[in-house]
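Down below is the structure, laid out as structure tokens.
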Amino acid sequence: MSVVTGPPSSVGGSTAILQVAMVALPDPAGLAEDQVCGRRCVWCEASLRTDATVDFGERREVSPHGGVSSWHPRCCRPCGFEHVYRALLDHTQSCEQCADDLTRCPAGKALRMAMRQVRA
């Protein structure tokens, strides 16, 4: 199993890339090369167009043997919507700040902004 060594980078000036970092991504070891490189959706394997893609930013991971590799997870908007929405629901149901005032929680706000990006 790999370990994420840091937050995803910001690509293309989009601030939403960091916001979707709370979404559980599949293990890159179980993905095809096109999925690891960002040419296909990490969940449904659909070919991706640049105008209908959710970019999770470059991820750097350390293997159990100490090697460092990078991968570029991306997904189609329908899969992005499903997974970001699930992360938003999971977060808001367990966050006291979100229960009190949605505008005061940085993580909840980030997930809501990510939802705007993934809407088709």
Side-chain angles (χ1 to χ4, degrees):
M1 182 156 179
S2 57
V3 177
V4 177
T5 59
S9 62
S10 179
V11 177
S14 173
T15 57
I17 293 170
L18 290 174
Q19 296 161 356
V20 292
M22 291 176 264
V23 175
L25 295 171
D27 185 355
L31 300 176
E33 181 180 350
D34 281 349
Q35 291 172 292
V36 173
C37 294
R39 292 187 293 264
R40 292 192 175 271
C41 175
V42 295
W43 286 291
C44 74
E45 299 183 33
S47 292
L48 299 174
R49 302 184 335 244
T50 55
D51 63 331
T53 299
V54 178
D55 189 344
F56 292 95
E58 179 183 18
R59 303 291 172 112
R60 296 190 184 278
E61 307 218 0
V62 178
S63 73
H65 305 290
V68 178
S69 62
S70 65
W71 67 300
H72 305 272
R74 294 170 65 202
C75 70
C76 61
R77 287 192 184 273
C79 286
F81 182 86
E82 176 185 340
H83 290 273
V84 172
Y85 184 64
R86 189 178 305 147
L88 176 63
L89 289 178
D90 289 346
H91 173 78
T92 56
Q93 291 175 357
S94 62
C95 175
E96 285 186 39
Q97 278 187 318
C98 286
D100 294 339
D101 183 358
L102 289 171
T103 62
R104 292 187 177 248
C105 175
K109 183 177 179 181
L111 283 165
R112 286 191 307 281
M113 295 296 289
M115 281 298 297
R116 291 182 185 149
Q117 180 191 12
V118 298
R119 286 187 186 140

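These numbers were taken from a predicted model, which means no experiment stands behind them.
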Is the shortest side-chain heavy-atom distance between K109 and L102 below 4.5 Å?
no
Any sub-3.5 Å donor-acceptor pair from R86's side-chain atoms to E82's backbone N or O?
no
Side-chain donor/acceptor of R59 to backbone N/O of P28, under 3.5 Å:
no
Provide the closest heavy-atom pair for [X] versus [Y] in the form atom of the first, atom of the second, distance.
X: M22; Y: L111; answer: CE-CG, 3.7 Å
X: C105; Y: H91; answer: SG-NE2, 3.2 Å
X: V23; Y: A87; answer: CG2-CB, 4.0 Å
X: C41; Y: Q35; answer: O-NE2, 3.0 Å

Calculate, to the nearest 0.5 Å, the distance between atoms [atom1] and [atom2] belonging to [X] and [Y] respectively.
X: R40; Y: C76; atom1: CZ; atom2: SG; result: 11.5 Å
X: C98; Y: L88; atom1: SG; atom2: CG; result: 7.5 Å
X: R74; Y: D34; atom1: CZ; atom2: CG; result: 11.5 Å

Same hydrophobic cluster for V118 and V42, using side-chain heavy-atom links shorter than 4.5 Å among ILVMFWY?
yes
Applying a strict under-4.5 Å side-chain criterion to I, L, V, M, F, W and Y, I'd like to know whether L48 and V84 cluster together.
no
Which class fits the ring pair W43 and H83: parallel under 30°, tilted 30 to 60°, perpendicular over 60°?
parallel
With sequence neighbours left out, the residues meeting ring pair (Phe, Tyr, Trp, His ring centres under 6.0 Å) with H72 are none
Contacts of W71 that satisfy ring pair (Phe, Tyr, Trp, His ring centres under 6.0 Å) - sequence neighbours left out:
none
Under the salt bridge (charged side-chain N to carboxylate O under 4.0 Å, His left out) definition, can you give me all pairs with a residue in residues 95-105, not counting sequence neighbours?
D101-R104
